[in-house]
Amino acid sequence: MKNPTISNIETKTEEDRILGNIEGDPGGPTVVLLTGLHGNESAGVEAAQNIFDMLVGIRPRIRGQLIILRANLPALKHNVRYVDEDMNRLWVPAIIDQVRHTPEAHIDSNERREMKRLLPILDEIQERSEGPVVLADVHTFSASGNMFSITNSDPRQRNLLSNLYVPMVFGIEKSLQGTVLGYYQKQGFISFGLEGGQHTNELTEYNITASLLLLLHAVGSIEKQYVEKIAEFEQHLKAHTQNLPVETELVYQHIIQPGDGFAMRPGYSNFQPIKKGEWLANDNDGKIIAQTDGYILMPLYQKQGNDGFFIIKENEG
Ligand SMILES: [Zn+2]
């Protein structure tokens with residue numbers, strides 16, 4: 001029997017977890033745009049809505065299926081990263097099993113309840129899809145600076161993402177435990193994180209929209225229907241990222257311990273070059289100094305979050 005959560009109705013409501021579901025011609029990929037895993041990152045939700053609005057009525061139809069999901073509805077409602085715990089650190093088999101087997105009324109954590117509601121939708125996508133499943137987990141960040149993708153260096157993902165003109169960062173998916181993208185990579189999905197820009201920057205929504213449309217083109221969901229838009233977005237992203245490294249690798253991750261008083265020094269942005277020995281941040285133990293040259297990534301300028309910053313290097317391999 002079909003899960004009633006996924007209908008063939010092309011519709012969207014603010015309150016719905018499934019913002020949109022377009023069933024196109026058979027034989028194409030299934031593309032999942034997962035948004036709002038962090039509730040203060042609504043630009044990704046808006047961008048995914050733009051994509052839905054663009055593609056819902058087009059003829060010829062898209063190939064395959066496009067499903068747009070919002071993950072953490074209470075956090076989105078309150079514009080906070082999370083209510084009880086980070087929903088993007090829970091995707092490990094032990095927690096997933098426990099969430100599946102615990103009645104919702106007995107789950108204390110908002111994020112685990114949201115996970116319990118999201119899981120059947122993703123399960124059904126996995127069961128029903130005949131072709132490849134591509135999951136784009138859409139995020140934004142607190143610092144200023146350029147967008148990037150978080151992916152493994154598997155050639156299948158690498159080749160696909162090279163069509164987006166968004167710098168790729170390898171290795172973060174291994175260093176962060178319990179991410180959605182890491183979990184669904186193991187489930188056989190092509191699965192990556194799209195970090196679309198600063199939370200409230202006016203370009204962020206546009207950049208995410210652009211890269212998601214290029215993704216849909218690259219996987220073969222859309223072909224000629226959007227030639228002009230594709231060319232415009234491609235040109236925009238190429239120009240936007242032309243001075244950035246195409247492929248980078250994580251070399252350092254600064255993990256914050258609760259109560260350690262971490263504070264990033266002001267003025268850092270994504271892909272800003274840094275030198276070994278540079279004073280980057282402070283915590284209760286004193287100065288935090290860069291242990292290596294590289295580029296800084298995701299310096300934390302918000303209260304919620306466990307990672308102070310990352311350092312990446314251009315991939316030479
Ligand atoms: Zn996020």
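This one's a predicted model, so the numbers in the text were calculated from it and none came from an experiment.
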Quick one: do S191 and K186 satisfy side-chain hydrogen bond (donor to acceptor under 3.5 Å, both in side chains)? Show the steps, please. CA-CA 9 Å; S191 161; K186 292 193 192 94; over 6 Å; no
Worked check of side chain to side chain contact (heavy atoms under 4.5 Å, CB included) between Q126 and Q187: CA-CA 9 Å; Q126 193 169 13; Q187 303 297 307; 3.4 Å; yes
Let's go through V31 and Q65 carefully: what are the C-alpha distance in whole Å and the side-chain angles of both, what is the deciding distance for side chain to side chain contact (heavy atoms under 4.5 Å, CB included) to 0.1 Å, and is it a yes or a no? CA-CA 6 Å; V31 178; Q65 190 176 6; over 6 Å; no
Is there a side-chain hydrogen bond (donor to acceptor under 3.5 Å, both in side chains) between D307 and H254? Walk through the geometry before answering. CA-CA 6 Å; D307 298 293; H254 186 86; over 6 Å; no
Derivation of the ring-ring contact (aromatic ring centres under 6.0 Å, His included) call for Y206 and H236: CA-CA 10 Å; Y206 183 82; H236 167 78; 4.8 Å; yes
Evaluate I190 against L160 for side chain to side chain contact (heavy atoms under 4.5 Å, CB included), listing each step before the verdict. CA-CA 9 Å; I190 295 174; L160 176 64; 3.8 Å; yes
Check step by step if side chain to side chain contact (heavy atoms under 4.5 Å, CB included) holds for L33 and L69. CA-CA 6 Å; L33 306 182; L69 302 173; over 6 Å; no
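A heavy-atom distance below 4.5 Å is found between the side chains of N270 and P299. Using a 4.5 Å heavy-atom cutoff, the side chains of E247 and R158 are in contact. In this structure the side chain of K313 reaches within 4.5 angstrom of the side chain of T292, judged on heavy atoms. D84 is not listed as a side-chain neighbour of D108, based on a closest heavy-atom distance of 4.5 Å or more. A 4.5 Å side-chain heavy-atom check between I51 and L66 finds at least one atom pair inside the cut-off. Considering only heavy atoms from C-beta on, I288 comes within 4.5 Å of D283 through its side chain. Counting only heavy atoms from C-beta outward, the side chains of F309 and F262 approach each other to under 4.5 Å. Counting heavy atoms from C-beta on, the side chains of I22 and L55 come closer than 4.5 Å.
One distance of note links CG of L214 with OG of S162; it measures 11.0 Å at 0.5 Å rounding. With rounding to the nearest 0.5 angstrom, the NZ atom of K174 is 10.0 Å from the CD atom of Q185. Here CG of N79 is found 6.0 Å from CG of N40. Values are rounded to the nearest 0.5 Å. Atoms CZ and OG1, on F233 and T209 in that order, are 6.0 Å from each other to the nearest 0.5 Å. Distance check: L76 CG to E114 CD gives 9.0 Å after rounding to the nearest 0.5 Å. In this structure, the separation between CD1 on I255 and CG on N306 is 8.5 Å, given to the nearest 0.5 Å.
When hydrophobic side chains of Ile, Leu, Val, Met, Phe, Trp and Tyr are connected at separations under 4.5 Å, Y295 ends up clustered with F141, F148, I150, V169, I172, L176, L181, L244, L250, F271, L297, M298, F310, I312. Hydrophobic cluster membership of W279, counting Ile, Leu, Val, Met, Phe, Trp and Tyr whose side-chain heavy atoms lie under 4.5 Å apart directly or via other members: I289.
Of all heavy-atom pairs spanning N110 and P74, the tightest one is OD1-CG, 3.0 Å. Counting all heavy atoms, side chain and backbone alike, A290 lies closest to L280 at CB-CD1, 3.7 Å. Between R156 and D154, the closest heavy-atom pair is N-OD1, 2.7 Å. Across every non-hydrogen atom of H199 and A43, the tightest pair is O-CB, 4.0 Å. Between L118 and A71 the shortest heavy-atom distance is CD2-CB, 4.0 Å. Looking at every heavy atom in both residues, I222 comes nearest to L213 through CD1-CD1, 3.7 Å.
Looking at E111 and R89, no side-chain N of the basic residue comes within less than 4.0 Å of a carboxylate O on the acidic one, giving no salt bridge. Taking a cutoff of 4.0 Å between a charged side-chain nitrogen and a carboxylate oxygen, R61 and D25 qualify as a salt bridge.
In this structure, R63 contributes its side chain and G24 its backbone to no donor-acceptor pair below 3.5 Å. Judged by distance alone, the side chain of D293 and the main-chain N or O of K276 form a donor-acceptor pair under 3.5 Å. Here the side chain of Y301 pairs a donor or acceptor atom with the backbone of R265 at under 3.5 angstrom. Looking only at distances, a side-chain donor or acceptor of T241 sits under 3.5 Å from a matching main-chain atom of Y165. In this structure, the side chain of D97 does not engage the main chain of A94 through any donor-acceptor pair within 3.5 Å. Judged by distance alone, with hydrogens and angles left aside, the side-chain atoms of S129 form a donor-acceptor pair with the main-chain N or O of I125 at under 3.5 Å. Between the K116 side chain and the V99 main chain, a donor and an acceptor come within less than 3.5 Å of each other. A distance-only check finds no donor-acceptor pair linking the side chain of N207 to the backbone of G196 [under 3.5 Å]. Between the side chain of S42 and the backbone N or O of V45 there is no donor-acceptor pair closer than 3.5 Å. The backbone N or O of M168 sits nowhere less than 3.5 Å from a side-chain atom of T151 that would complete a donor-acceptor pair.
For D123, the side-chain hydrogen bond (donor to acceptor under 3.5 Å, both in side chains) criterion is met by R100, not counting sequence neighbours. The side-chain hydrogen bond (donor to acceptor under 3.5 Å, both in side chains) search around Y268 returns E278, not counting sequence neighbours.
By the 6.0 Å contact criterion, CD on E104 is enclosed, its count of non-hydrogen atoms from other residues, nucleotides or ligands being greater than 12.
The salt bridge (charged side-chain N to carboxylate O under 4.0 Å, His left out) analysis of residues 38-48, with sequence neighbours excluded, yields the pairs E41-R81. For the ring pair (Phe, Tyr, Trp, His ring centres under 6.0 Å) condition, the pairs that include at least one residue of residues 98-140, sequence neighbours left out, are H38-H139.
For the residue pair Q198 and S144, no side-chain donor N or O sits within less than 3.5 Å of a side-chain acceptor on the partner.
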